[in-house]
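To keep things clear, I will list the structure first and then write my remarks on it.
Note that the structure is a prediction, hence the values are computed from the model and not measured. The basis for the numbers below is simple: all heavy atoms, side chains too, and nothing from hydrogens, waters or symmetry mates.
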Amino acid sequence: MKAMLKSMFPALFAAVLMSAVSMTASAAPLTLPSNSTEIYQVSGLTPGKVLRLYTEPGRGIIVNIPHNGRWIVRRNAQVLVGDVLWEKVSWDDQTGWVVSSRLAFDPEATEIARTRRECIKNPAVKDKMCCGYPEAAKGIPFRSVPIYSVQGLKAGQSLMMYVESGETAIAVEIPHNATWVVKLGRIAQVGADEWAHVRWAGQNGWVNASYLRLDPEQTRIGDAKRRRCSNGPLLAPAKPELVCLPASVVRRLQQSNALPSDLLNRLAAEAAAAEAKK
């Protein structure tokens, strides 16, 4: 299964890139100069497609930004290559070039960033680390949350996360070097592999857990902040619960022919039985 998933990446992303570039010529470009206090998000891409971040316009893939990626900062540099306008941006801890017309202003993220900056600048706030930590969460006991990173993929590849949405799950692509992936406590056995219900970039979905590795340092950092900012005790991590893969995820896997048909049929039967018990 792992070999099959990896073999799907090159052809899939080549098609995605051609589709993204072909749709940009008629879109209105962003204007300069950019404001680094404004936050942007990916716009105009459907689930399962990505915005590629390059070292140079159209060359040297750094990472794939998901179709709904957020927290993108423009770096006040643009260049026109043919009829495509490219924009220099930073996303997570990476800086590179993306197609400019695929960015849109994100007012919600911009407001969150503004509030956090004001908190950090406020001399009355003694513990700057907790700026942005929700007040409603203070004093509540939290469990330790193991943090995972993506492993076993190359630049330009992604780990598919299937987000339950109606009849068919939406595919969200997690970058090859992503971290801060959190397991939410439910696992499903899919053939020889374990799939985990996870949270990444504000969304919950299902991934092949063989592409995840525990990140002890990020786990330590996250737990320290959670303990410090909640002012409450930190409990042991929750034990995982074995469940059936949701029917919507199985249907999406069937549509993409991502698994052997006999395995998909068995998963579908298990999901239907689980639904009938509810």
Side-chain angles (χ1 to χ4, degrees), residues 30 32-43 51 53 62-77 87-96 98 103-150 161 163 172 174-175 177-185 197-205 212-238:
L30 298 171
L32 290 175
S34 60
N35 182 346
S36 62
T37 65
E38 294 180 350
I39 309 298
Y40 287 76
Q41 59 188 338
V42 178
S43 174
L51 178 63
L53 182 71
I62 298 175
V63 72
N64 292 331
I65 305 178
H67 74 281
N68 56 357
R70 302 179 69 190
W71 295 95
I72 300 170
V73 179
R74 297 169 65 203
R75 292 302 181 195
N76 200 30
E87 182 98 16
K88 193 171 188 179
V89 302
S90 294
W91 182 69
D92 196 12
D93 59 350
Q94 311 273 2
T95 296
V98 300
L103 300 178
F105 177 64
D106 187 337
E108 180 183 8
T110 298
E111 178 59 21
I112 292 172
R114 184 196 65 78
T115 302
R116 188 171 188 278
R117 283 196 305 273
E118 289 186 353
C119 174
I120 292 174
K121 292 178 180 178
N122 187 349
V125 177
K126 303 302 181 184
D127 194 346
K128 307 297 185 183
M129 176 187 287
C130 296
C131 284
Y133 198 88
E135 288 292 326
K138 292 184 177 179
I140 299 175
F142 280 90
R143 291 191 178 277
S144 171
V145 178
I147 304 298
Y148 292 80
S149 299
V150 176
M161 176 171 69
V163 179
V172 175
I174 302 179
N177 57 355
T179 187
W180 290 96
V181 180
V182 178
K183 290 185 179 181
L184 296 177
H197 193 219
V198 303
R199 185 170 181 81
W200 178 79
Q203 290 193 100
N204 300 346
L212 298 178
R213 62 173 174 80
L214 181 66
D215 190 328
E217 180 60 17
Q218 298 295 356
T219 298
R220 183 192 65 77
I221 292 171
D223 280 353
K225 181 173 182 179
R226 196 172 294 107
R227 184 186 297 108
R228 177 171 169 175
C229 299
S230 68
N231 294 318
L234 197 62
L235 308 177

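Here CD1 of Ile174 is found 11.0 Å from OG of Ser149. Values are rounded to the nearest 0.5 Å. Atom CG in Asn68 sits 4.5 Å away from atom CD in Gln203 (nearest 0.5 Å). We find the NZ-NZ distance between Lys128 and Lys121 to be 11.0 Å, quoted to the nearest 0.5 Å. The line from OH of Tyr133 to CZ of Arg226 is 6.5 Å long, rounded to the nearest 0.5 Å. Put simply, CG on Asn35 and OG1 on Thr110 are 8.5 Å apart, with the number rounded to the nearest 0.5 Å. Atom-to-atom distance recorded for Gln41:CD and His67:NE2 is 11.0 Å, nearest 0.5 angstrom.
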> Run the salt bridge (Lys or Arg N to Asp or Glu O under 4.0 Å) check on Glu217 and Arg220 step by step: do they pass?
Replying inline: CA-CA 5 Å; Glu217 180 60 17; Arg220 183 192 65 77; 2.7 Å; yes
> Do Val98 and Trp91 pass the side-chain contact (heavy atoms from CB on, under 4.5 Å) test, and can you show the C-alpha distance, the side-chain angles, and the key distance before you say yes or no?
Replying inline: CA-CA 11 Å; Val98 300; Trp91 182 69; over 6 Å; no
> Would Val198 and Val182 count as a side-chain contact (heavy atoms from CB on, under 4.5 Å) if you check the C-alpha gap in whole Å, the side-chain angles of each, and the deciding distance to 0.1 Å?
Replying inline: CA-CA 5 Å; Val198 303; Val182 178; over 6 Å; no
> Given Lys225 and Ile221, is the side-chain contact (heavy atoms from CB on, under 4.5 Å) satisfied, shown in steps?
Replying inline: CA-CA 6 Å; Lys225 181 173 182 179; Ile221 292 171; 5.7 Å; no
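Judged purely by distance below 3.5 Å, without hydrogens or angles, the side chains of Ser90 and Arg75 pair a donor atom with an acceptor atom.
Smallest separation of non-hydrogen atoms from Arg228 and Asn231: O-OD1, 3.2 Å. Minimum heavy-atom separation, Pro216 to Leu214: CD-O, 3.3 Å. Nearest heavy atom pair, residue Ile72 against residue Gly69, reads CD1-O, 4.2 Å. Residues Ile147 and Trp180 share a closest heavy-atom pair of CG2-CA, 3.3 Å. In terms of heavy atoms, Val63 sits closest to Pro175 at CG2-CB, 3.1 Å. Leu53 and Val89 make their closest contact through CD1-CG2, 3.7 Å (heavy atoms, listed as atom of the first residue, atom of the second, distance).
Ile39 places a side-chain heavy atom less than 4.5 Å from the side chain of Val73. Side-chain contact between Asn76 and Leu32: present, with at least one pair of heavy atoms (C-beta onward) separated by less than 4.5 Å.
Between Glu111 and Arg114, at least one side-chain N (NZ, or NE/NH1/NH2) sits under 4.0 Å from a carboxylate O, which counts as a salt bridge. A salt bridge is defined here as a Lys NZ or Arg NE, NH1 or NH2 lying under 4.0 Å from an Asp or Glu carboxylate O, and Arg74 with Glu87 meets this definition.
Other residues, nucleotides and ligands contribute over 12 non-hydrogen atoms within 6.0 Å of the NZ atom of Lys183.
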